[in-house]
Engineer: 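Just dropping this structure here.
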Amino acid sequence: MRIATWNVNSIRSRVDRVTDWLVRSDVDVLAMQETKAREDQFPHERFRELGYEVAHHGLSQWNGVAIVSRVGIEDVQIGFDGMPGWGDPVAAEARAIGAVCGGVRIWSLYIPNGRTLEDPHLLYKLDWLGALADAGRGWLAAEPSAPIALLGDWNIAPFDEDVWSVPFYEGRTHTSPRERAAFQAVVDAGFADVVRPHCPGPGVYTYWDYVQLRFQKGRGMRIDFALCSPALAARVTGAAIDREERKGKGASDHAPVVFEIAD
DNA sequence: ATGGTAGAAAATCTA
């Protein structure tokens with residue numbers, strides 16, 4: 001089974017590109033982030049006509065997460081227990097959706113950006129990841145052999161080799177010790193990065209800012225990850241980051257990340 | 001060259 005995660009940065013502006021890629025890449029399950037669409041705006045039919053079932057959660061023009069699958073979608077969950085909210089009044093955002101696809105519990109996650117190191121949004125980001133680590137630890141405590149995949153845009157570069165320039169990110173989000181510790185806490189809860197062993201750095205990225213020809217200059221970040229529970233990680237046979245999909249007009253600023261598991 | 005890119009939606013906000 002082939003599973004992928006991709007921050008599509010607006011599904012409505014990119015549905016042709018996403019569906020073309022999905023078919024061409026022979027992917028069975030795709031977790032998307034930043035659909036930037038309410039439920040009624042999501043192009044469900046474009047996926048259904050290709051044989052994919054859709055589970056989407058979107059509340060406004062911001063955030064939005066989805067899972068599309070051609071191996072079934074069961075037990076859809078919006079958000080996870082303990083997931084923090086944001087805003088005034090504080091409310092849950094559309095940043096997490098889960099479903100069981102082909103026997104695997106898939107989560108499509110859009111971790112808060114953090115904005116700046118002084119912004120309250122950074123504390124939201126850290127809280128959100130802490131709650132995710134707690135939830136994940138709980139799932140594995142209840143069922144140690146559960147096949148679970150935490151897929152998404154984590155908005156954190158865990159290691160120095162994951163950014164094009166360490167000095168550039170000093171004093172900015174995505175590389176700070178607190179963010180890296182929050183990411184590591186999810187790993188320590190029992191979820192391993194299954195892509196890195198197949199796609200070792202340095203210089204291997206999943207995101208390139210649109211500005212200043214960052215992609216053309218090779219100036220990216222690795223911030224999109226597939227973290228798998230022990231039972232699922234043991235089944236992974238390969239992985240790839242499709243940087244070709246970042247090329248050309250109309251590309252998302254993120255590349256799709258794909259991994260394959262033995263049935 | 002006094003900005004930088006893209007997408008949402010409706011004047012800025014988010015990334």
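Scope of the values below: all heavy atoms of this structure, side chains included, with no hydrogens, waters or symmetry mates. The shown structure was predicted, so the numbers you read here are calculated from the model rather than taken from an experiment. Quick note on labels: first sequence line is chain A, next is B, and so on, each numbered from 1.
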Engineer: In this structure, how many angstroms lie between the C1' atom of B/dT5 and the NZ atom of A/K249, rounded?
Structural biologist: 11 Å
Engineer: Looking at every heavy atom in both A/A231 and A/S145, which two are closest together, and how far apart are they?
Structural biologist: CB-O, 3.2 Å
Engineer: Write down the atom of A/L109, the atom of A/Q33, and the distance for their closest heavy-atom approach.
Structural biologist: O-CG, 3.2 Å
Engineer: Start at the 5' end of DNA chain B and walk down; is the nucleotide closest to A/S10 or to A/N63 reached first?
Structural biologist: A/S10
Engineer: Of all the nucleotides listed (B/dA15, B/dT5, B/dA9), which has the minimum atom distance to the side chain of A/R12?
Structural biologist: B/dA9
Engineer: Taking the P atom in each of B/dA6 and B/dA10, what is the distance between them to the nearest angstrom?
Structural biologist: 22 Å
Engineer: Assign A/R14 to base, sugar-phosphate, or nothing according to its heavy-atom contacts below 4.0 angstrom with the strands shown.
Structural biologist: sugar-phosphate
Engineer: Looking at every strand, decide which applies to A/Q41 at a 4.0 Å heavy-atom threshold: base, sugar-phosphate, or nothing.
Structural biologist: sugar-phosphate
Engineer: Where the side chain of A/R95 is defined as all heavy atoms beyond and including C-beta, which of B/dA6, B/dA8, B/dA15 is the nearest nucleotide?
Structural biologist: B/dA15
Engineer: What's the gap between B/dA9 and B/dT5 when it is taken at their P atoms, as a whole Å value?
Structural biologist: 23 Å
Engineer: Check A/R235 against A/P147 and note the closest heavy-atom contact, atom names and distance.
Structural biologist: NH1-CB, 4.2 Å
Engineer: Counting only side-chain N and O atoms of A/R246, is one of them less than 4.0 Å from OP1 or OP2 of B/dA6?
Structural biologist: no
Engineer: To the nearest Å, how far apart are A/Q33 CD and B/dA15 P?
Structural biologist: 14 Å
Engineer: Verify side chain to side chain donor-acceptor pair (under 3.5 Å) between A/K36 and A/N9, making sure each step is shown before the conclusion.
Structural biologist: CA-CA 7 Å; A/K36 291 185 170 177; A/N9 188 14; 2.8 Å; yes
Engineer: Please work out if A/R214 contacts a base, only the sugar-phosphate, or nothing of the nucleic acid, heavy-atom cut-off 4.0 Å.
Structural biologist: nothing
Engineer: Which value, in whole Å, describes the distance between the P atoms of nucleotides B/dT2 and B/dC13?
Structural biologist: 23 Å
Engineer: Between B/dA1 and B/dT12, how far is it from one C1' atom to the other, in whole Å?
Structural biologist: 25 Å
Engineer: Round to the nearest Å and state the distance from A/Y207 atom OH to B/dT14 atom C1'.
Structural biologist: 11 Å
Engineer: Rounding to a whole Å, what distance do you find between A/N7:CG and B/dG7:C1'?
Structural biologist: 12 Å
Engineer: I need the CG-C1' distance between A/L59 and B/dA8, as an integer number of Å.
Structural biologist: 15 Å
Engineer: Roughly how many Å is it from CG in A/D209 to C1' in B/dT14, rounded to a whole number?
Structural biologist: 12 Å
Engineer: Contact class for A/F215 vs. all strands (heavy atom < 4.0 Å): base, sugar-phosphate, or nothing?
Structural biologist: nothing
Engineer: Choose from B/dA15, B/dT5, B/dT14 the nucleotide whose nearest atom is closest to any side-chain atom of A/H121.
Structural biologist: B/dA15
Engineer: Using heavy atoms to find the nearest nucleotide of DNA chain B for A/S60 and A/W86 separately, return the residue whose nucleotide is more 5′.
Structural biologist: A/S60
Engineer: With a distance cut-off below 6.0 Å to the six-membered ring centre and an angular limit of 45° from the axis, does A/R172 pair with A/F168 as a cation-pi contact?
Structural biologist: yes
Engineer: Atom CG of A/D119 to atom P of B/dC13: distance rounded to whole Å?
Structural biologist: 13 Å
Engineer: Among B/dA8, B/dT14, B/dA6, which nucleotide sits nearest the side chain of A/R115?
Structural biologist: B/dT14
Engineer: Between A/H174 and A/V163, is any pair of side-chain heavy atoms under 4.5 Å apart?
Structural biologist: no
Engineer: In whole Å, what is the span from the CG atom of A/N113 to the C1' atom of B/dA15?
Structural biologist: 6 Å
